Amino acid sequence: MKRFFKLAAISAFALLPGSLFAQGVTTSSMAGNVIDTDGMPMVGATVVAVHQPSGTTYGTATDLTGAYRLPNMRVGGPYSVTVSYTGYGTVVVDELFLRLGETEYRDFVLDAATLELE
């Protein structure tokens, strides 16, 4: 009899749809590459995204291939995204909106900047 109940319990869990155990996606993300005007990857460039309504800030640095990824971001926007690297100009993109469960792929090109020292 015990064996019957054990088998019945295992069968019941096996028949439940997998979606009952899954958690829904409630965020978005951004990803892309940062390169210079010669097409070379910018290793260690800073990418910062600010969700304007809440002030939530997401930031990362690019990897050895110039790639970045900002996971688990709030859905919607607008976002202001700033990309910078020492010795190069800063790129700012405003009014960026993210969709639920989707990754916004955005590449950036940085121009070498002339620095004047006093």
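Being a predicted model, the structure only gives us computed values, none of them experimental. Just so you know, residue 1 is the first one in the sequence shown, and it goes up from there.
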Identify all side-chain donor-acceptor contacts of residues 90-102 below 3.5 Å with residues at least two apart in sequence or on another chain.
from  : atom 1 : to    : atom 2 : distance (Å)
Asp94 : OD1    : Ser80 : OG     : 2.7

**Report entry** Partner residues of Asp107 under the side chain to side chain contact (heavy atoms under 4.5 Å, CB included) criterion, sequence neighbours left out
**Finding:** Asn33
Requested in this report: Output all residues satisfying ring-ring contact (aromatic ring centres under 6.0 Å, His included) with Tyr58, sequence neighbours left out; order by chain, then residue number.
Outcome: none
Query raised in the report: What distance separates Tyr88 OH from Met42 CE, expressed to the nearest 0.5 Å?
Result: 4.5 Å
Report task. Supply the atom-to-atom distance Asn72 CG to Thr26 OG1, rounded to the nearest 0.5 angstrom. Result -> 8.0 Å
**Report entry** Other cluster members, Ile35 - Ile/Leu/Val/Met/Phe/Trp/Tyr, side-chain contacts below 4.5 Å
**Finding:** Val109
Report summary line: Across all chains, not counting sequence neighbours, the ring-ring contact (aromatic ring centres under 6.0 Å, His included) partners of Phe108 are none
Requested in this report: Could you tell me which residues satisfy side chain to side chain contact (heavy atoms under 4.5 Å, CB included) with Val43, sequence neighbours excluded, listed by chain and number?
Outcome: Leu64
Report task. Please name all residues satisfying side-chain hydrogen bond (donor to acceptor under 3.5 Å, both in side chains) with Ser54, sequence neighbours left out, ordered by chain then number. Result -> His51, Thr56, Arg74
Requested in this report: With sequence neighbours left out, write down each residue that passes side chain to side chain contact (heavy atoms under 4.5 Å, CB included) with Thr57, or none if nothing qualifies.
Outcome: Val48, Val50
**Report entry** Pairs satisfying ring pair (Phe, Tyr, Trp, His ring centres under 6.0 Å), at least one member in residues 27-47, at least two apart
**Finding:** none
Query - Pairs flagged by side-chain hydrogen bond (donor to acceptor under 3.5 Å, both in side chains) wherever residues 35-44 is involved - sequence neighbours left out - result: none
Query raised in the report: Got a sec, which residues hit side chain to side chain contact (heavy atoms under 4.5 Å, CB included) with Ala31, two or more places apart in sequence or on another chain?
Result: Arg69, Thr103, Tyr105
